[in-house]
Asks: 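Quick one: the structure is below, questions incoming.
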Amino acid sequence: MILGSTGSIGTQAIDVIRRNPDRFRVVGLAAGGSRVDVLAAQVLDLRPEVVAVAKGSVAEDLQLALYAAAQKRGYSSGEYRLPRLLAGPGTIAEAAAWPCDIVLNGIEGAAGLASTLAALDAGRTLALANKESLIIGGPLVKQRAKPGQIIAVDSEHSALAQCMRAGTRGELRRLVVTASGGPFRGRSRAELQDVTPEQALAHPTWSMGPLITVNSATLVNKGLEVIEAHLLYDVPFESIEVMVHPQSAIHSMVEFTDGSTIAQVSPPDMRLPIAMALAWPDRVPDAAPGVDWTRAHTWEFFPLDNEAFPAVLLAREVGAAGGTAPAVYNGANEECVAAFLRGTLAFPAIVDTVARVVSEHTNDSGSPAPAGGGLTLADVLAADEWARTRARELTSG
Ligand code: NAD
Ligand code: MG
């Protein structure tokens, strides 16, 4: 089951699946509904049992697009049988619980939470690209997941899982999460003031959806990934390091207690961690091209500039606070990114505003912040909504 099938992760997963028909079969597809033509073509290619779109208003468009795509491929009328079509916001979680072995959650942003919970509750293996759902759900997601039920798709976390195979849990000293540094690496805070959405959307090493691309430029993505690593692998925040590595060849590393560090290396290509997650613990041959070891390479490493890019430190704070704090960080950020892309918010103001919303949440007794075990889905959704509203207020001028 591929959720977010029309996005960057979804289309790359489909590429992996189509090249390995003996291993994988697509049971269902789900997407937001803004690209019905792409979705219709995927349905004709993959012949899933079920297709879901979050936007209820596009149900008819999708049906028409399917008939049009069928006709284009030479099916005579009546020859093409539609899959089961589901439309509306609640239907994505319904698709997530559909009978299948693996649910790949490639939905963008906090909207992926309901599907993550539904897939876990239905007992599916969850190949998780949608880090936001784990981060905002925190203990809520963790409590529902059986050991090994969540497999990370994020390249850093896939790398960490691969590196962790090299030693025992007791031998693990530290995780080193690498960051490309994004398109503005090396700039001072003042030099970030006037950067445009176009510049922020031009990532140096990865081609991804707009939200995660801007998050990579602000380093919010790395902040989210530190929390993700903490939640996935139960490693304390002080044992998770972030290192800037502009070439994105080393996707992360694990240091063991004897002083040895194991790294996972491959050219930046998400098809590798996607294939790894779908086949875990096996490897899919030729999932992506390997490193060309016949030519010269230069790999650099820099410590993070926390002054120009305060997003990771802030993420460590909200991650350690737990409760609804990560949902506030994420929800405020998603709104601020939207404002930045609309041209109504300056680039450094994204994280500044997130920090302000987070601090108001911490200090304001009016907003819910239950710690740890008492967290409910209603708390998370309320915190997400509160943070979005507050961020919109602060960014509307
Ligand atoms: P994207 O914007 O390219 O695609 C998002 C997909 O989600 C689309 O298919 C869209 O239709 C769907 N969608 C949006 N809102 C939805 C909703 N309410 N219900 C159902 N579907 C909805 O994003 P992406 O780059 O593919 O990223 C997806 C997730 O994977 C994000 O959580 C991102 O952080 C994570 N991720 C992406 C990459 C990457 O290389 N693209 C790498 C690591 C992690
Ligand atoms: Mg990543």
Side-chain angles (χ1 to χ4, degrees), residues 1-15 28-39 42 51-56 58 62 86-96 103-116 118-119 126-137 152-161 177-182 201 203 205-216 219-229 232 242 245 248 250-252 264 268-274 276-277 288 330 333-334 337-338 341:
M1 176 66 58
I2 305 181
L3 311 178
S5 68
T6 58
S8 162
I9 289 290
T11 51
Q12 293 181 88
I14 288 172
D15 179 64
L29 298 170
S34 55
R35 302 170 74 190
V36 284
D37 293 350
V38 176
L39 186 57
Q42 291 177 342
V51 182
V53 279
K55 215 188 279 175
V58 302
L62 176 61
L86 309 173
T91 64
I92 307 300
E94 198 179 328
V103 174
L104 172 70
N105 188 350
I107 295 171
E108 176 201 77
L113 177 60
S115 300
T116 281
L126 178 62
L128 187 64
N130 178 256
K131 64 192 97 186
E132 294 91 340
S133 57
L134 171 65
I135 291 156
I136 69 176
V153 170
D154 219 348
S155 56
E156 295 78 2
H157 305 76
S158 176
L160 291 171
V177 176
T178 54
S180 72
L201 288 172
H203 195 278
T205 50
W206 296 101
S207 163
M208 311 176 286
L211 173 64
I212 179 170
T213 304
V214 176
N215 287 350
S216 299
L219 272 295
V220 164
N221 184 52
K222 214 46 59 178
L224 293 173
E225 289 182 351
V226 168
I227 303 176
E228 182 185 9
L232 280 173
V242 172
H245 165 50
S248 300
I250 296 181
H251 298 295
S252 279
Q264 188 266 326
D269 187 328
M270 282 307 293
R271 291 174 302 177
L272 194 146
I274 291 168
M276 203 70 254
N330 180 72
N333 177 65
E334 288 186 16
V337 170
L341 291 176

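As a basis for the values below, the full set of heavy atoms in this structure was taken, side chains included, without hydrogen atoms, waters or symmetry mates. Position 1 is the first residue of the sequence, and the numbers go up from there. Being a predicted model, the structure only gives us computed values, none of them experimental. Every number for a ligand or one of its atoms is a count from 1 in the order of the listing.
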Asks: My understanding is that we take every heavy atom of each candidate and find the minimum distance to atom 34 (O) of ligand 1. Doing that for His203, His157, Lys131, Met270, which one comes out nearest?
Replies: Lys131

Asks: Ignoring hydrogens, just give me the one of Leu211, Leu224, Ile107 whose non-hydrogen atom is nearest atom 31 (C) of ligand 1.
Replies: Ile107

Asks: Can you tell me which residue and heavy atom of the protein come closest to atom 23 (O) of ligand 1, and the distance to 0.1 Å?
Replies: Gly209 CA, 3.9 Å

Asks: How does Glu132 reach ligand 1, by side chain, by backbone, by both or by neither, if only non-hydrogen atoms under 4.0 Å count?
Replies: side chain

Asks: Taking N or O atoms only and a 3.5 Å limit, does Trp206 qualify as a polar contact for ligand 1?
Replies: no

Asks: Indicate, as side chain, backbone, both or neither, the part of Glu108 found under 4.0 angstrom from ligand 1 when only non-hydrogen atoms are considered.
Replies: both

Asks: Just let me know how Ala129 lines up against ligand 1, side chain, backbone, both or neither, with a heavy-atom cut-off below 4.0 Å.
Replies: both

Asks: Do Pro210 and Glu108 make a side-chain contact, defined as non-hydrogen atoms from C-beta onward lying under 4.5 Å apart?
Replies: yes

Asks: Among Leu86, Leu62, Thr6, Ile92, which residue satisfies the side-chain contact (heavy atoms from CB on, under 4.5 Å) criterion with Val53?
Replies: Leu62

Asks: If I apply the N/O under 3.5 Å rule, does Gly10 come out as touching ligand 1?
Replies: no

Asks: With the side chain counted from C-beta on, respond yes when Gln264 and Leu272 share a heavy-atom pair under 4.5 Å apart, and no when they do not.
Replies: yes

Asks: Where does Ala31 meet ligand 1, judged by heavy-atom distances below 4.0 Å: at the side chain, the backbone, both, or neither?
Replies: both

Asks: How long is the straight-line distance from OG of Ser5 back to CZ of Arg35, given to the nearest 0.5 Å?
Replies: 9.5 Å

Asks: Work out whether the distance between some heavy atom of Gly106 and some atom of ligand 1 is less than 4.0 Å.
Replies: yes

Asks: Let's go through Ile212 and Lys131 carefully: what are the C-alpha distance in whole Å and the side-chain angles of both, what is the deciding distance for side chain to side chain contact (heavy atoms under 4.5 Å, CB included) to 0.1 Å, and is it a yes or a no?
Replies: CA-CA 10 Å; Ile212 179 170; Lys131 64 192 97 186; 3.7 Å; yes

Asks: Using modelled atom types and a 3.5 Å cut-off, is there a donor and acceptor pairing between side-chain atoms of His245 and backbone atoms of Ile250?
Replies: yes

Asks: List ligand 1 atoms under 4.0 Å from Met208, heavy atoms only on the residue side.
Replies: 25 (O), 39 (C), 40 (O), 41 (N)

Asks: Taking distance alone, with N or O pairs closer than 3.5 Å, would you say Ser207 contacts ligand 1?
Replies: no

Asks: Going by heavy atoms in the side chains, are Ser133 and Leu128 under 4.5 Å from each other?
Replies: yes

Asks: When rounded to the nearest 0.5 angstrom, what distance separates CG in Leu126 from CG in Leu3?
Replies: 8.5 Å

Asks: Just let me know how Ile212 lines up against ligand 1, side chain, backbone, both or neither, with a heavy-atom cut-off below 4.0 Å.
Replies: side chain

Asks: Which ligand 1 atoms, with their elements, are less than 4.0 angstrom from a heavy-atom of Asp154?
Replies: 43 (C), 44 (C)

Asks: Can you name the N/O/S atom of Glu225 that is nearest the Mg ion (ligand 2)?
Replies: OE2

Asks: Can you tell me the protein heavy atom closest to atom 17 (C) of ligand 1 and the distance?
Replies: Ala54 CB, 3.9 Å

Asks: Taking side chain as C-beta onward, heavy atoms only, is Met270 less than 4.5 Å from Ser155?
Replies: yes

Asks: Could you check atom 9 (O) of ligand 1 against the protein and tell me its nearest heavy-atom contact, residue, atom and distance included?
Replies: Thr6 OG1, 2.7 Å

Asks: Which atom, among the N/O/S set of Asp154, is closest to the Mg ion (ligand 2)?
Replies: OD1

Asks: Examine the proximity of ligand 1 to Ser5 and report which part, side chain or backbone, both or neither, has a heavy atom under 4.0 Å away.
Replies: backbone

Asks: For atom 41 (N) of ligand 1, what is the nearest protein heavy atom, given as residue, atom name and distance?
Replies: Ser8 OG, 3.0 Å

Asks: Would you say ligand 1 has an N or O under 3.5 Å from any N or O of Gly32?
Replies: yes

Asks: Taking the side chain from Asp269 and the backbone from Arg271, do they hold a donor-acceptor pair closer than 3.5 Å?
Replies: yes

Asks: Let's go through Ile2 and Gln42 carefully: what are the C-alpha distance in whole Å and the side-chain angles of both, what is the deciding distance for side chain to side chain contact (heavy atoms under 4.5 Å, CB included) to 0.1 Å, and is it a yes or a no?
Replies: CA-CA 11 Å; Ile2 305 181; Gln42 291 177 342; over 6 Å; no

Asks: Who's the nearest protein heavy-atom neighbour of atom 4 (O) of ligand 1, and how far?
Replies: Gly7 CA, 3.2 Å

Asks: Using a 4.0 Å cutoff against the non-hydrogen atoms of Gly4, which atoms of ligand 1 qualify?
Replies: 6 (C), 7 (O), 9 (O), 12 (C)

Asks: Closest heavy-atom contact between Met1 and Leu29?
Replies: SD-N, 4.0 Å

Asks: Assess whether side chain to side chain contact (heavy atoms under 4.5 Å, CB included) is satisfied between Glu228 and Leu160, documenting all intermediate values.
Replies: CA-CA 11 Å; Glu228 182 185 9; Leu160 291 171; over 6 Å; no

Asks: Pick one of side chain, backbone, both or neither for how Ile9 approaches ligand 1, counting any non-hydrogen atom pair under 4.0 Å.
Replies: both

Asks: So, Thr116 and Asn105: side-chain donor and acceptor under 3.5 Å apart, yes or no?
Replies: yes

Asks: Which atom, among the N/O/S set of Glu156, is closest to the Mg ion (ligand 2)?
Replies: OE1

Asks: Does the N or O separation between Ala111 and ligand 1 drop below 3.5 Å for any pair?
Replies: no

Asks: OG of Ser216 to CH2 of Trp206: how many Å apart, nearest 0.5 Å?
Replies: 10.0 Å

